[in-house]
Amino acid sequence: MTLPSLFIPHGGGPCFFMDPSDPDRPHSDPMWHPMQEYLAGLIADLPERPKAILLVSGHWEETAFTVHVGEQPPLLFDYYGFPPHTYTLRWDAPGAPDLARRAATLLQQAGFATGEEAARGRDHGVFIPMKVALPDADIPVAQLSLRHDLDPAAHIAAGRALAPLRDEGVLIVGSGMSFHNLRVRGAQAIAPSTAWDYALTAAVTDPDPKARAARVADWAHLPHAHFAHPREEHLLPLMVALGAGGDDAATCTHRSSVLGWTVSGYRFG
């Protein structure tokens, strides 16, 4: 069974865990509920349960693509200004060092320089959405960094190199946000974020795989692109997921509105 690859929104900070009376149970402002429900159904919607997950977060960049080979990575609370209980959350899924090294080998075979890391904590682009999707933390997870140059074509090519993992029981997940401009919210964001989202979705779901890759790599020329992403690190996980999807059909599996932003998730295969 070939698993799909996914691009998911990871929300804003610890947005799904804001209830101090029960911090381990997802509880959020109602505007986050559609995204929370989407993430909660992520594993059940797959054709089979993954043996492991390879996740690329918009919150980790290195000079070369770098894999985390830790056995039990800690959490990295890389958000600011939230209630104290959100800095004591737990999510104890095991690492997947063998998967991490297998991913590095595939990238090297495709001509990419790679690195290894074992001490870094899992950032909130990993543990916040995965705590919703996998509350029992019972699937091993390996993390892969972005490359600091944020080159779209390189990240799509990296995804293509990783595609064989889909036939090995591995779910490839890009975790970011399809809209990520923290300086705007509310009424001023609604029209441009909606126009951007529909243009991005049209590119992502182009039925011609070559045209799809070209259009998404050229994201900066879509309407309101730099309004949506003043810096594109939260969009680059999409490139990896798209590359890993290969020629498979692409669909928009989630769309919701939060803070005036239109935010989407995608599935390849």
Side-chain angles (χ1 to χ4, degrees), residues 6-42 53 55-62 68 70 72-93 95 117 119-137 141 143-146 173-190 193 197 227-238 254-265:
L6 307 176
F7 174 72
I8 64 170
H10 62 233
C15 60
F16 310 117
F17 299 96
M18 294 293 285
D19 183 0
S21 67
D22 191 356
D24 285 325
R25 180 177 61 86
H27 181 86
S28 60
D29 186 287
M31 71 176 171
W32 294 104
H33 286 178
M35 189 181 298
Q36 178 180 314
E37 290 169 7
Y38 161 69
L39 293 170
L42 214 61
I53 296 172
L55 191 145
V56 186
S57 164
H59 287 273
W60 185 22
E61 301 173 30
E62 297 286 351
H68 197 297
Q72 192 71 55
L75 301 188
L76 174 62
F77 296 99
D78 57 336
Y79 42 70
Y80 306 95
F82 289 93
H85 78 273
T86 64
Y87 298 90
T88 60
L89 296 173
R90 295 280 302 274
W91 189 71
D92 299 325
E117 213 288 329
R120 184 183 188 273
R122 287 171 167 155
D123 58 70
H124 76 274
V126 182
F127 76 86
I128 290 297
M130 289 294 100
K131 190 171 169 63
V132 178
L134 281 175
D136 294 330
V141 176
Q143 188 173 0
L144 170 69
S145 78
L146 297 173
V173 178
S175 171
M177 290 285 278
S178 61
F179 182 95
H180 193 254
N181 184 343
L182 301 181
R183 296 193 295 268
V184 296
R185 58 187 63 195
Q188 64 178 322
I190 293 172
S193 73
D197 185 85
F227 180 87
H229 291 278
R231 188 174 185 274
E232 61 268 34
E233 78 287 342
H234 274 66
L235 189 63
L236 266 292
L238 168 61
H254 171 76
R255 178 175 281 132
S256 60
S257 178
V258 292
L259 303 172
W261 313 334
T262 300
V263 180
S264 288

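Ser264 places no side-chain N or O within donor-acceptor distance of the main-chain N or O of Asp197, the cut-off being under 3.5 Å. No side-chain donor-acceptor contact under 3.5 Å links Asp123 to the backbone of Leu76. Distance alone, capped at 3.5 Å, places no donor-acceptor pair between the His180 side chain and the Pro230 backbone. Judged purely by atom type and a 3.5 angstrom limit, Trp261 has no side-chain atom pairing as donor or acceptor with the backbone of Ala228. Using a distance-only test at 3.5 Å, with no hydrogens or angles considered, a donor-acceptor pair links the side chain of Arg122 to the main chain of Ala93. Here the side chain of Tyr79 pairs a donor or acceptor atom with the backbone of Thr86 at under 3.5 angstrom.
One finds the CG atom of Asp92 at 7.0 Å from the CG atom of Leu75 (value rounded to the nearest 0.5 Å). Atom CD1 of residue Ile53 and atom CG of residue Leu6 lie 9.0 Å apart, to the nearest 0.5 angstrom. Of the inter-residue distances, the one linking Asp136 atom CG with Lys131 atom NZ reads 10.0 Å to the nearest 0.5 angstrom. Atom OH of Tyr87 sits about 8.5 Å away from atom OH of Tyr80, to the nearest 0.5 Å.
With sequence neighbours left out, Phe7 forms a ring-ring contact (aromatic ring centres under 6.0 Å, His included) with no residue at all. Under the side-chain hydrogen bond (donor to acceptor under 3.5 Å, both in side chains) criterion, Glu232 pairs with no residue at all, not counting sequence neighbours. With sequence neighbours excluded, the residues that form a side-chain hydrogen bond (donor to acceptor under 3.5 Å, both in side chains) with His59 are His10, His124, His234.
Between Glu117 and Gln143 there is no side-chain heavy-atom pair separated by less than 4.5 Å. A heavy-atom distance below 4.5 Å is found between the side chains of Phe17 and Ile128. Residues Val126 and Ser175 fail the side-chain proximity criterion, which asks for heavy atoms closer than 4.5 Å. Using a 4.5 Å heavy-atom threshold, the side chains of Leu236 and Val56 count as separate. Between Val173 and Leu42 there is no side-chain heavy-atom pair separated by less than 4.5 Å.
Shortest non-hydrogen contact noted between Pro237 and Ser57 is CG-C, 4.0 Å. Across all non-hydrogen atoms, the minimal contact from His254 to Pro9 is CD2-CG, 4.1 Å. Ser256 and Met35 make their closest contact through OG-CE, 4.0 Å (heavy atoms, listed as atom of the first residue, atom of the second, distance). The two atoms that bring Cys15 and Gly11 nearest to each other are SG-CA, 3.8 Å, heavy atoms only. Nearest heavy-atom pair, Trp32 versus Gly12, reported as atom, atom and distance to 0.1 Å: CH2-N, 3.4 Å. The two atoms that bring Leu259 and Met31 nearest to each other are CD2-CE, 3.4 Å, heavy atoms only.
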CA sep, side-chain torsions, deciding dist, call: Trp91, Phe127, ring pair (Phe, Tyr, Trp, His ring centres under 6.0 Å)
CA-CA 6 Å; Trp91 189 71; Phe127 76 86; 7.9 Å; no
The test is side-chain contact (heavy atoms from CB on, under 4.5 Å); show your working for Leu182 and Met177 and say whether it passes.
CA-CA 11 Å; Leu182 301 181; Met177 290 285 278; over 6 Å; no
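Aromatic ring orientation, His68 versus Trp60: perpendicular (interplanar angle above 60°, classes split at 30° and 60°).
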